[in-house]
Amino acid sequence: MPKPIYVLSGPNLNLLGTREPEIYGHQTLDDVRGLCEARAQSLGFEVVFRQSNHEGDLVDWIQEAREAACAVVLNPAAYGHTSIALLDALKMLSIPIVECHLSNPAAREAFRRKTYVSLAATGVVSGFGAASYELAVEAAAGLAR
Ligand code: CA2
């Protein structure tokens with residue numbers, strides 16, 4: 001079995017499915033976890049699925065992924081638009097990084113158009129709701145092979 005794909009989610013995504021369903025859909029983060037696990041398993045991979053509202057947790061997990069993961073899928077949520085700390089941590093990885101967003105930030109407010117995380121990402125999947133995570137896991141698995 002290869003090393004797992006780390007699937008990391010940032011602030012407020014623990015509340016997914018409880019508000020703004022027109023933007024983010026009705027599925028909860030637990031539903032998203034199930035989709036990621038199923039897609040990874042079908043491709044012969046496992047996922048480590050985590051969410052935090054704290055920037056430092058995400059930095060710690062990205063650092064952990066240097067040794068423990070074969071690829072990282074990251075929905076940085078709002079930290080993607082603000083966090084040089086996440087960007088610096090991601091730059092220390094030598095494994096594929098797939099940035100993932102439920103919505104399409106490029107089609108929303110101007111402040112969402114800039115993402116620091118994209119500067120370190122191998123690729124970005126945006127705008128497909130929960131399916132963005134599944135597509136990102138599939139891309140990560142393909143890159144990790
Ligand atoms: O579209 C995405 O996945 C985002 O990363 C979500 C972030 C937003 O700041 C980014 O610009 C795009 C916001 C996550 C908010 O979490 C939610 C909590 C409850 C219901 C829906 C979303």
Side-chain angles (χ1 to χ4, degrees), residues 3-43 45-66 68-144:
K3 289 180 183 175
I5 298 168
Y6 272 33
V7 181
L8 306 178
S9 297
N12 297 308
L13 287 164
N14 55 310
L15 297 179
L16 191 63
T18 64
R19 64 181 177 88
E20 299 184 278
E22 65 288 355
I23 300 175
Y24 297 112
H26 289 279
Q27 281 159 301
T28 66
L29 197 62
D30 248 2
D31 296 332
V32 173
R33 176 200 297 270
L35 293 171
C36 289
E37 286 173 351
R39 181 63 62 102
Q41 201 180 10
S42 76
L43 297 165
F45 287 82
E46 288 177 345
V47 296
V48 168
F49 192 96
R50 297 179 186 157
Q51 184 275 335
S52 179
N53 295 326
H54 305 283
E55 190 175 15
D57 286 342
L58 295 162
V59 169
D60 286 345
W61 294 338
I62 290 165
Q63 289 189 10
E64 183 184 305
R66 286 187 305 162
C70 69
V72 171
V73 169
L74 173 64
N75 183 349
Y79 286 146
H81 310 303
T82 63
S83 178
I84 296 168
L86 283 188
L87 172 61
D88 286 346
L90 290 166
K91 279 180 163 173
M92 292 175 209
L93 294 179
S94 51
I95 53 176
I97 300 162
V98 184
E99 181 182 352
C100 148
H101 296 278
L102 298 149
S103 66
N104 177 4
R108 300 179 62 193
E109 302 96 324
F111 64 83
R112 295 188 201 277
R113 281 185 210 137
K114 175 176 175 177
T115 95
Y116 289 104
V117 162
S118 298
L119 294 170
T122 313
V124 185
V125 182
S126 297
F128 301 103
S132 289
Y133 276 80
E134 287 184 281
L135 292 165
V137 165
E138 188 166 338
L143 290 163

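When reading the values below, keep in mind they use all heavy atoms of this one structure, side chains included, and skip hydrogens, waters and symmetry mates. Just follow the structure's listing: the first ligand is 1, and inside any ligand the first atom is 1.
- Atom CG of L13 and atom CG of N75 lie 5.0 Å apart (nearest 0.5 Å).
- In this structure, R108 CZ and S126 OG are separated by 10.5 Å, a value rounded to the nearest 0.5 Å.
- The side-chain contact (heavy atoms from CB on, under 4.5 Å) test with V73 singles out one residue from S132, C100, C36, and that residue is C100.
- Using a heavy-atom distance under 4.0 Å as the criterion, the protein contacts of ligand 1 are N12, L13, L15, L16, R19, Y24, N75, A77, A78, H81, H101, L102, S103, R112.
- Note on ring orientation: taking the six-membered ring where Trp is involved, the planes of H81 and F111 are perpendicular (angle over 60°, cut-offs 30° and 60°).
- A distance of 11.5 Å separates CG in N12 from CG in L29, rounded to the nearest 0.5 Å.
- For the salt bridge (Lys or Arg N to Asp or Glu O under 4.0 Å) test, residues two or more places apart in sequence or in another chain that qualify with D30 are R33.
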